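Residue numbers begin at 1 in each chain, while the letters A, B, ... track the order of the sequences. Note: hydrogens, waters and symmetry copies are ignored here, and every other heavy atom, side chains too, is used. Because the structure is a prediction, the values reported are computed rather than measured.
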Protein chains: 2
Amino acid sequence: MTERLEQFLVNKFECTSEEVSEVVKNFKYIEAAKEELLNEDGNICRNLYFVIEGCVKCNFIDANGQETIRYVAFENQLISSFHSFIKGTPSNEYITVVEPSKLLTISHTDFKLGLSKSSLFKDFYIKMLEITYLNNHWRIRTFLSLDAKQRYEYLIKNDKRIVQRLSNKNLSHFLGITQESLSRIKAKK
Amino acid sequence: MTERLEQFLVNKFECTSEEVSEVVKNFKYIEAAKEELLNEDGNICRNLYFVIEGCVKCNFIDANGQETIRYVAFENQLISSFHSFIKGTPSNEYITVVEPSKLLTISHTDFKLGLSKSSLFKDFYIKMLEITYLNNHWRIRTFLSLDAKQRYEYLIKNDKRIVQRLSNKNLSHFLGITQESLSRIKAKK
DNA sequence: GTGATTATTTATCATTTGTCAATGTTTTTG
DNA sequence: CAAAAACATTGACAAATGATAAATAATCAC
């Protein structure tokens with residue numbers, strides 16, 4: 001079940017399949033049902049996930065019960081409550097399965113071990129952080145300079161999967177607006 | 001002029017001063033005047049900067065002439081148009097000096113060279129990406145779940161330097177609102 | 001399949017934020 | 001120092017978004 005991750009790594013790095021399997025062998029395969037929580041708000045996030053198939057979100061609920069979605073991962077994307085994973089401090093968000101999913105997962109312990117032993121593993125980590133950076137960069141940029149409607153149109157243009165596969169509710173929470181606002185935006189088009 | 005960077009590295013890593021100087025020797029000292037552009041929108045950003053003293057911002061101007069500030073660096077912080085620096089593609093933002101500044105800078109070429117030669121340099125890069133991740137995480141989170149007033153109060157509580165040292169105009173552009181809105185928020189308190 | 005639950009849309013009204021304009025204040029520059 | 005430019009505040013109004021409620025529509029659980 002690790003072909004997808006291997007392929008992902010081969011695409012991102014120039015390296016042999018032996019090197020790739022050096023990284024991949026540390027991951028283990030799991031399946032997760034819709035609405036399953038891979039980590040809970042308040043707990044230290046000790047795992048990193050790679051989505052083979054399905055959809056997983058990082059989300060949190062504020063004092064008024066309002067949900068917000070910080071990040072969504074589909075096929076061939078990595079997901080974790082990374083601030084918690086990095087620092088070993090409690091997370092402030094959930095990791096919630098959105099669609100029934102097939103995942104590869106690695107524990108923080110194995111991750112650190114891999115980093116200390118393998119140079120390719122370190123390169124993998126750097127590449128992962130770089131990809132994450134680029135993603136966050138655009139997320140910040142769109143929030144800074146676009147209104148809700150423009151952010152919605154940005155997603156349609158640049159990340160259509162999110163618009164197509166998330167429910168309106170989830171999509172609105174990813175955009176940082178209410179369901180009702182998203183309904184109006186879609187109606188007005 | 002490299003003591004600050006050395007100290008920064010010693011604080012962040014457990015390593016000897018010889019190891020630190022291995023990284024630091026690749027940086028060179030420059031001074032920059034207020035309003036000086038370290039990189040321009042459309043150009044590939046080929047340098048990374050460490051602020052010894054002063055203040056530098058990453059900002060962009062939209063079609064209506066509206067400025068937005070994506071990131072601000074003060075003393076002991078790194079700054080670059082990192083998406084451009086990483087991928088070697090044209091930047092979509094300026095790097096603008098806010099206060100007269102003393103900086104250390106390293107070219108992308110020397111950075112890559114350092115990465116390929118020194119293991120500590122790779123660790124430095126990982127640490128830098130992690131710090132940047134944490135920063136972006138909070139920036140995204142506040143935009144998703146807080147309104148302008150709450151974001152302003154968040155800054156006062158968690159990053160007072162930004163409120164104290166930026167002009168109202170710059171601060172409002174960092175918060176993603178207009179100067180007028182910020183004025184009203186401050187008046188209402 | 002049916003009832004219960006959840007999601008979506010629509011409408012109304014309140015609040016926040018943006019736009020434009022006017023004015024006062026501070027900073028820059030010659 | 002004085003004029004000019006940039007910045008900050010305030011007010012009036014417009015547009016965007018949130019809150020609440022109600023009516024469908026879709027999905028889930030038994």
Rounding to a whole Å, what distance do you find between [X]:[atom1] and [N]:[atom2]?
X	N	atom1	atom2	value
A:L144	C:dG18	CG	P	12 Å
B:K186	D:dC7	NZ	P	14 Å
B:L182	D:dA8	CG	P	9 Å
A:Q179	D:dA25	CD	P	17 Å
A:I177	C:dT8	CD1	C1'	14 Å
B:L166	D:dC7	CG	P	13 Å
A:Y152	D:dT17	OH	C1'	17 Å
B:K149	C:dT15	NZ	C1'	12 Å

I want to verify a distance call: between [options], whose nearest atom is closest to the [X] side chain?
X	options	answer
B:D147	D:dT17, D:dT10, C:dT16	C:dT16
A:E180	D:dG18, C:dA11, D:dC7	C:dA11
A:K169	C:dT8, D:dT17, C:dT10	C:dT8
B:N168	D:dA8, C:dT16, D:dG18	D:dA8

Report task. Kindly say if A:T178 contacts the phosphate of D:dT17, meaning a side-chain N or O under 4.0 Å from OP1 or OP2. Result -> no

Query raised in the report: Within less than 4.0 Å of OP1 or OP2 of C:dA7, is there a side-chain N or O belonging to A:S167?
Result: no

Requested in this report: Report the residue (B:A148 or B:K34) whose heavy-atom-nearest nucleotide on DNA chain C is the more 5′ of the two.
Outcome: B:A148

**Report entry** Test: A:E99 and A:R165 ion pair at under 4.0 Å
**Finding:** yes

Query raised in the report: Base, sugar-phosphate, or nothing for B:S183, non-hydrogen atoms under 4.0 angstrom?
Result: base

Query raised in the report: Has the side chain of A:R184 got a donor or acceptor that lies under 3.5 Å from a partner of the other kind on the base of D:dG18?
Result: yes

Report task. Tell me yes or no: between the side chains of B:R141 and A:N92, is some donor less than 3.5 Å from an acceptor? Result -> yes

Query - Polar contact flag, side-chain donor to acceptor under 3.5 angstrom, B:T96-B:N59 - result: yes

Query - Exercise: identify the closest heavy-atom pair between B:Q77 and B:V72 - result: OE1-O, 3.8 Å

Query raised in the report: Where does the angle between the aromatic ring planes of A:Y154 and A:W138 fall among parallel (under 30°), tilted (30 to 60°) and perpendicular (over 60°)?
Result: parallel

